[in-house]
**Student:** 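Submitted below is the structure of interest, expressed as structure tokens.
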Amino acid sequence: MLKGIDPRLNAEVLHALRAMGHGDVLVIADTNFPSDQVARHTVYGALLRMDNLTSAEATNAILSVLPLDTFVDDFAGRMEIVDAPDEVPPVQAEVQAEIDAAEGKPRPMIGIERFAFYDMAREAYAVIQTGERRFYGCFMFRKGVIPPDED
């Protein structure tokens with residue numbers, strides 16, 4: 001355990017989050033996503049796990065240390081439901097609430113078509129698989145920056 005670090009963040013996840021740079025993409029995946037296969041194509045090259053957590057719980061822990069990009073509209077995205085791209089299921093609404101809380105204001109995620117999401121995930125920095133069992137619990141986050149301390 002470390003002081004000030006959410007205990008849901010394991011050493012491997014912390015290592016990857018710290019190693020990421022501005023603009024790098026992190027994928028949060030549910031249990032049905034082909035995470036291991038996709039993760040082998042990422043920069044990190046191996047699957048990271050946050051088992052026994054919902055997508056929202058994992059997002060809450062991750063956003064306690066990861067700044068989201070403020071320079072782009074695609075700072076966060078959700079996998080769209082097939083044949084219902086504008087529908088936002090509860091799992092996605094919960095993650096949106098965590099993003100809004102971390103940002104201190106509403107910042108809507110973009111929708112990403114299912115197969116486009118798979119393609120984007122293969123190009124990501126890393127994939128974290130959660131214990132989320134609800135469908136469409138897959139998200140992407142683009143890392144932002146931490147500004148210097150003001151003098």
Side-chain angles (χ1 to χ4, degrees), residues 5-6 8-10 12-44 46-147:
I5 302 288
D6 190 310
R8 298 173 293 185
L9 296 170
N10 61 55
E12 293 80 14
V13 169
L14 283 170
H15 175 264
L17 296 177
R18 175 63 178 91
M20 290 173 66
H22 181 211
D24 282 340
V25 171
L26 176 69
V27 170
I28 307 302
D30 62 29
T31 57
N32 292 300
F33 190 75
S35 298
D36 187 61
Q37 178 262 105
V38 170
R40 292 171 195 240
H41 296 277
T42 65
V43 173
Y44 195 77
L47 179 61
L48 299 165
R49 303 187 74 88
M50 292 180 77
D51 295 319
N52 302 316
L53 297 178
T54 66
S55 294
E57 291 168 337
T59 296
N60 177 273
I62 290 163
L63 294 184
S64 74
V65 296
L66 183 83
L68 292 174
D69 201 332
T70 58
F71 296 110
V72 296
D73 292 333
D74 67 343
F75 68 94
R78 61 179 182 80
M79 181 188 286
E80 293 176 347
I81 296 175
V82 174
D83 297 328
D86 296 326
E87 184 179 333
V88 177
V91 65
Q92 293 181 357
E94 291 169 14
V95 168
Q96 182 65 64
E98 293 295 341
I99 292 168
D100 294 347
E103 295 292 291
K105 64 181 179 182
R107 280 191 80 198
M109 290 182 278
I110 64 164
I112 305 169
E113 187 274 332
R114 178 179 169 221
F115 291 108
F117 189 96
Y118 290 142
D119 292 340
M120 181 268 319
R122 286 184 189 91
E123 300 290 321
Y125 187 87
V127 174
I128 299 173
Q129 187 171 41
T130 68
E132 182 62 69
R133 293 179 55 202
R134 292 175 290 177
F135 298 147
Y136 296 98
C138 298
F139 306 90
M140 64 76 74
F141 300 131
R142 190 173 302 280
K143 187 175 183 179
V145 298
I146 299 172

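In this text the structure is predicted, and so the values were computed from the model without any measurement.
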**Student:** Give the minimum heavy-atom separation between Thr42 and Ala121, together with the two atoms involved.
**Tutor:**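 Minimum heavy-atom contact is CG2-O, 3.5 Å.
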**Student:** Are side-chain heavy atoms of Leu47 and Gln129 found at a separation under 4.5 Å?
**Tutor:**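 Result yes, sub-4.5 Å side-chain heavy-atom pair found.
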**Student:** Within a reach of under 6.0 Å around CD of Glu123, are more than 12 heavy atoms found that belong to other residues, nucleotides or ligands?
**Tutor:**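 At most 12 heavy atoms, drawn from other residues, nucleotides or ligands, come within 6.0 Å of this atom.
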**Student:** Show me, pair by pair, the donor-acceptor contacts under 3.5 angstrom made by side chains of residues 16-26, not counting sequence neighbours?
**Tutor:**
unit_1, atom_1, unit_2, atom_2, d
His22, NE2, Asp69, OD1, 3.3
His22, NE2, Asp69, OD2, 3.2
Asp24, OD2, Gly21, N, 2.7

**Student:** Check the pair Ile28, Val95 against side chain to side chain contact (heavy atoms under 4.5 Å, CB included), reporting the backbone distance first and the verdict last.
**Tutor:** CA-CA 10 Å; Ile28 307 302; Val95 168; over 6 Å; no
**Student:** Measure the spacing between CZ of Phe75 and CZ of Arg107 and express it to the nearest 0.5 Å.
**Tutor:**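 Here the rounded value is 4.0 Å.
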**Student:** Measure across Arg8 and Met50 and return the closest heavy-atom pair with its distance rounded to 0.1 Å.
**Tutor:**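 So the minimum-distance heavy-atom pair works out to O-CE, 3.4 Å.
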**Student:** What verdict does the side chain to side chain contact (heavy atoms under 4.5 Å, CB included) test give for Val88 and Gln96, after you've listed the backbone C-alpha separation in whole Å, the side-chain angles of each residue and the deciding distance to 0.1 Å?
**Tutor:** CA-CA 10 Å; Val88 177; Gln96 182 65 64; over 6 Å; no
**Student:** Which distance, rounded to the nearest 0.5 Å, do you find between the OH of Tyr125 and the NZ of Lys143?
**Tutor:**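 If we round to the nearest 0.5 Å, Tyr125:OH and Lys143:NZ are 8.5 Å apart.
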**Student:** Rounded at 0.5 Å granularity, tell me how far CZ in Arg142 sits from OG1 in Thr70.
**Tutor:**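 The OG1 atom of Thr70 is 12.5 Å from CZ of Arg142, to the nearest 0.5 Å.
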**Student:** So do Phe135 and Pro89 actually touch side chain to side chain, heavy atoms under 4.5 Å?
**Tutor:**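 They are not in side-chain contact.
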**Student:** Of all heavy-atom pairs between Ala126 and Leu48, which one has the smallest distance, and what is that distance?
**Tutor:**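 Reported closest heavy-atom pair: CB-CD1, 4.0 Å.
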**Student:** Restricting to non-hydrogen atoms, name the atom on Glu98 and the atom on Ala56 that form the minimum distance, rounded to 0.1 Å.
**Tutor:**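 Looking at all heavy atoms of both residues, the closest pair is CG-O, 3.6 Å.
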**Student:** Give a yes/no verdict on a cation-pi contact between Arg78 and Tyr136, requiring under 6.0 Å between NZ or CZ and the six-membered ring centre and an angle within 45° of the axis.
**Tutor:**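 No cation-pi geometry.
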**Student:** Between Leu9 and Ser64, is any pair of side-chain heavy atoms under 4.5 Å apart?
**Tutor:**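 Yes. Closest side-chain heavy atoms under 4.5 Å.
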**Student:** Would you sort out whether Ile99 and Phe141 count as a side chain to side chain contact (heavy atoms under 4.5 Å, CB included), showing the intermediate values?
**Tutor:** CA-CA 10 Å; Ile99 292 168; Phe141 300 131; 3.7 Å; yes
**Student:** Strictly distance-based, threshold 3.5 Å: is any side-chain N or O of Gln92 a donor or acceptor partner for the main-chain N or O of Met79?
**Tutor:**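 Flag set: sc Gln92 to bb Met79 pair under 3.5 Å.
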**Student:** Okay, side chain of Glu94, backbone of Val91: is any donor-acceptor separation there less than 3.5 Å?
**Tutor:**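 Not at all, since once roles are kept as given, no pair shorter than 3.5 Å links the two residues.
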**Student:** If I take atom CG from residue Leu53 and atom CD from residue Glu132, how far apart are they, to the nearest 0.5 angstrom?
**Tutor:**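 The CG atom of Leu53 sits 10.0 Å away from the CD atom of Glu132.
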**Student:** Quick check: does any side chain N or O of Asp30 sit under 3.5 Å from a backbone N or O of Ser55, one acting as donor and the other as acceptor?
**Tutor:**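 Judged by distance alone, no pair lies under 3.5 Å.
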**Student:** From Glu113 CD over to Ile81 CD1, what is the distance, rounded to the nearest 0.5 angstrom?
**Tutor:**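 Rounded to the nearest 0.5 Å, the CD-CD1 separation comes to 13.0 Å.
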**Student:** Is the shortest heavy-atom distance from the side chain of Val13 to the side chain of Ile128 under 4.5 Å?
**Tutor:**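 When only atoms from C-beta onward are counted, Ile128 and Val13 do touch, with a gap below 4.5 Å.
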**Student:** Indicate whether any N or O donor in one side chain lies under 3.5 Å from an N or O acceptor in the other, for Tyr118 and Arg122.
**Tutor:**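 The criterion, which ignores hydrogens and geometry beyond distance, is not satisfied for Arg122 and Tyr118.
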**Student:** Taking atom CZ of Phe139 and atom CD1 of Ile112, what is their separation to the nearest 0.5 Å?
**Tutor:**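 Reported value, rounded in 0.5 Å steps: 10.5 Å.
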**Student:** State, without any angle test, whether Arg133 and Asn32 hold a side-chain donor-acceptor pair at a distance under 3.5 Å.
**Tutor:**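 Not at all, the side chains of Arg133 and Asn32 share no donor-acceptor pair under 3.5 Å.
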**Student:** Can you tell me if CG on Asp73 sees more than 12 non-hydrogen neighbours from other groups inside 6.0 Å?
**Tutor:**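 Counting neighbours around CG of Asp73, 12 or fewer heavy atoms of other residues, nucleotides or ligands fall under 6.0 Å, so no.
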**Student:** Please test Ser35 against Val27 for side chain to side chain contact (heavy atoms under 4.5 Å, CB included), starting from the C-alpha separation and ending with a verdict.
**Tutor:** CA-CA 9 Å; Ser35 298; Val27 170; over 6 Å; no
**Student:** Do the side chains of Thr130 and Thr31 get nearer than 4.5 Å, heavy atoms only?
**Tutor:**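 A side-chain contact under 4.5 Å is absent here.
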**Student:** Within a radius of less than 6.0 Å around CG of Asn52, do more than 12 heavy atoms belonging to other residues, nucleotides or ligands occur?
**Tutor:**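 Not buried by this count: 12 neighbours or fewer within 6.0 Å.
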**Student:** Check Pro85 against Glu80 and note the closest heavy-atom contact, atom names and distance.
**Tutor:**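 Taking every non-hydrogen atom into account, CB-OE1, 3.4 Å.
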